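Please read the structure below before turning to the comments.
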Number of protein chains: 2
Amino acid sequence: MQRKFAVCYNTDMPKLVDHSERKSHIAEATWRVILKEGMKGATVRKIAQEAGVSLGALRHYFTTQHELLAFAMKLVSDRANARIRDVMALGLPPKELVTRVLMELLPLDENSMAEMEVWFAFVFHHKYAGEDYGGLNDGIYPGIVNLLGHLKKEGLLREELDMDIEAERLYALLDGLALHALLEPKRLDRERILRVLHSHMDSICRE
Amino acid sequence: MQRKFAVCYNTDMPKLVDHSERKSHIAEATWRVILKEGMKGATVRKIAQEAGVSLGALRHYFTTQHELLAFAMKLVSDRANARIRDVMALGLPPKELVTRVLMELLPLDENSMAEMEVWFAFVFHHKYAGEDYGGLNDGIYPGIVNLLGHLKKEGLLREELDMDIEAERLYALLDGLALHALLEPKRLDRERILRVLHSHMDSICRE
């Protein structure tokens, strides 16, 4: 693994600092602050405190709060993508493969629940601040189109389905489940989410 | 229609004031402020200004901002319920009746889009403020259970369906569509939302 190193001159002795590792450390601190304080409490000052770095050091990595939040969000997406690549490498049969990939987009454990919470907070923060964040634009919709295309190519989808509308329906189902699990985690637990997902997969696949 | 009147003594001359009408007027002003400024901008002061009433007069109706927002939210729900009652009174065949009721829960025009925006802002405001707002608790989930029960009683649902999971699936689909329509109104327009809804209804009903 290739890492980028840089020399910092802001202490008595020059130090070799692993920038990409420090950036990840700061992004993780950002998530913890967002989850504790909400997006409106995610100030650069609080994040520096949580990460245990000086405000000056934080500004070395992120010049604005927007840059910092965008970076934290990108890490959410990078992590999900890494998990999905791992699933793809398992060599599963098509229907199981698609189901397992979709599971990575749902809040089924503590980690993915936290990611979902950050994602919703980020999206609504920008929505209600009236800022343009480029729509959802998280690549999930085209990803779902591809997954359904894979099932069709393998001859597993029911013949009569309108692929375009099925992708939209599955996309809405996933984010609706994620939203309800976030707001009502007791009622809609992991087992119940999986029952709905499996039931939907069975309904679109041939017997 | 019965209305409640009260005498106010805070001006030179006693006045007959229609309280329920004034409350609605203030709630509508609240919605406009939320849509313009986001929930964090929906202060009692700004709402008084938007409604064209004094801060003192506003506090006569709502002593805290929380009370005011809860009242505005209740109006959203009352309006949706009134529309649903109108649909129920049309004497439609069961499948059309259920579809039309579900349509009232989706952002298909400017008014219902605004209601949805207020609803999401309210829910996320409380979620990220860490306040207890009693979950979603908007009566939509039990309503969907009833609608599916109606279709089953009429012998219109496919035999093999698990009613409990079907209600959860439809509930998630509706709120997922609402969420995506709110965030990506250009991609997911009225026509596309309706195509997904009709396709889902066809998939759960017998031929």
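On a predicted model such as this, the values are computed, not experimentally measured, just so you know. Residue numbers begin at 1 in each chain, while the letters A, B, ... track the order of the sequences.
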Go through the steps for Leu151(B) and Met201(B) under the test side chain to side chain contact (heavy atoms under 4.5 Å, CB included), then give the verdict.
CA-CA 11 Å; Leu151(B) 287 178; Met201(B) 289 301 293; 3.9 Å; yes
Which atoms form the tightest heavy-atom contact between Asp175(A) and Trp119(A), and what is the distance?
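Taking Asp175(A) first and Trp119(A) second, the nearest heavy atoms are OD2-CH2, 4.4 Å.
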What one should report as the nearest heavy-atom pair of Ala178(A) and Met116(A) is CB-SD, 3.7 Å
Name the region of Glu166(A), side chain, backbone, both or neither, that has any atom closer than 4.5 Å to a heavy atom of chain B.
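Glu166(A) touches chain B through side-chain heavy atoms alone.
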Is it the side chain or the backbone of Leu170(A) that comes within 4.5 Å of chain B heavy atoms, both, or neither?
neither
Between Leu188(B) and chain A, which part of the residue has a heavy atom less than 4.5 Å away: side chain, backbone, both or neither?
side chain
Short side-chain to backbone donor-acceptor contact, His150(B) and Val98(B), under 3.5 Å:
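Pair absent, no side-chain N/O of His150(B) close to backbone of Val98(B).
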Test your reading of the model: is there a side-chain donor-acceptor pair from Thr99(A) to the backbone of Lys95(A), 3.5 Å cut-off?
yes
Quick one: of Ile204(B), Val196(B), Asp162(B), who has the most non-hydrogen atom pairs under 4.5 Å with chain A?
Val196(B)
If you tally heavy-atom pairs under 4.5 Å against chain A, which of Ser199(B), Ala172(B), Pro185(B) wins?
Ala172(B)
